[in-house]
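When a residue number appears, it is its place in the shown sequence, counting from 1.
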Amino acid sequence: MDHLVRTIDFISGRFSRDFSAETSIAPFLAARIKINGFLAPFLMVFTHYLTLQATDSSLAPYEVLSLMILGIGLTIIEAVERGEILYWRFFKLFWRGTELLTLVVYLLALGSHFFLQ
């Protein structure tokens, strides 16, 4: 709870408390950033070039369209199930779905690349 008060003080501009190194935002971010959080955009680019080499057309537009549909679907599900859409809950769920979708599409593209050549 004290961390929440410090965060609200920081956001509202009230710097009455001493923000030492142990209460800075850097350790907060470092503890939650994982390598697979950065993997999805790279996998989309790799899928694009991989499918261009194998089939002369790209799966990237279809992948982006699938991500849009995923986002709309998750928004509707969140609104119906919970009655509200909380940004952090939605974004975490959407980003995990994005990681899973891009990984599956990349593995399928990799398999088709080896199968077609």
Side-chain angles (χ1 to χ4, degrees):
M1 187 66 168
D2 190 43
H3 180 69
L4 179 64
V5 172
R6 286 189 208 143
T7 305
I8 292 171
D9 285 346
F10 181 75
I11 292 171
S12 65
R14 292 178 285 178
F15 299 101
S16 60
R17 296 198 176 148
D18 180 29
F19 286 94
S20 63
E22 63 189 35
T23 60
S24 71
I25 200 158
F28 174 74
L29 289 176
R32 286 172 172 69
I33 293 176
K34 307 241 184 304
I35 190 67
N36 62 353
F38 295 107
L39 203 56
F42 292 114
L43 284 178
M44 288 178 69
V45 171
F46 297 155
T47 301
H48 169 69
Y49 286 114
L50 196 61
T51 55
L52 275 179
Q53 288 177 357
T55 63
D56 293 334
S57 64
S58 176
L59 281 180
Y62 301 107
E63 190 172 7
V64 170
L65 183 66
S66 299
L67 291 174
M68 289 182 209
I69 293 170
L70 175 70
I72 292 170
L74 287 176
T75 303
I76 292 171
I77 289 172
E78 283 282 322
V80 169
E81 290 288 321
R82 301 186 195 274
E84 63 183 357
I85 302 169
L86 299 176
Y87 175 73
W88 288 110
R89 183 184 302 153
F90 167 78
F91 188 71
K92 279 171 75 173
L93 189 60
F94 177 72
W95 194 251
R96 288 175 184 162
T98 299
E99 292 170 350
L100 182 64
L101 182 71
T102 55
L103 183 64
V104 167
V105 170
Y106 177 72
L107 291 175
L108 289 173
L110 192 63
S112 69
H113 177 74
F114 288 128
F115 180 70
L116 293 176
Q117 290 202 3

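- You'll find the side chain of Arg89 stays beyond 4.5 Å of the side chain of Leu93, heavy atoms only.
- By the criterion of side-chain heavy atoms lying less than 4.5 angstrom apart, applied directly or through intervening Ile, Leu, Val, Met, Phe, Trp or Tyr residues, Ile72 is not grouped with Ile85; the two fall into different hydrophobic clusters.
- By the rule that hydrophobic residues join a cluster once side-chain heavy atoms approach within less than 4.5 Å of another member, Val64 and Phe38 end up as members of separate clusters.
- Follow the hydrophobic side-chain contacts under 4.5 Å out from Leu52 and you never reach Met44; the two are in separate clusters.
- Nearest heavy atoms, Gly97 versus Leu70: C-CD2, 3.8 Å.
- Linking ILVMFWY side-chain heavy atoms closer than 4.5 Å, directly or via other members, places Met68 and Trp95 in two distinct hydrophobic clusters.
- The distance from atom CG of Leu43 to atom CD of Glu63, rounded to the nearest 0.5 Å, is 8.0 Å.
- What you find for Ala109 and Ser112 is that their closest heavy atoms are O-OG, 2.9 Å.
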Contacts table for residues 100-108: side-chain donor-acceptor under 3.5 angstrom, sequence neighbours left out:
unit_1: Thr102; atom_1: OG1; unit_2: Thr98; atom_2: O; d: 2.9
unit_1: Thr102; atom_1: OG1; unit_2: Glu99; atom_2: O; d: 3.1

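- Between Phe94 and Phe91, the ring planes lie tilted relative to each other; the angle falls in the 30° to 60° range.
- Counting heavy atoms of neighbouring residues, nucleotides and ligands inside a 6.0 Å radius, atom CZ of Phe90 exceeds 12 of them.
- The distance from the OG atom of Ser58 to the CD atom of Gln53 is 11.5 Å, given to the nearest 0.5 Å.
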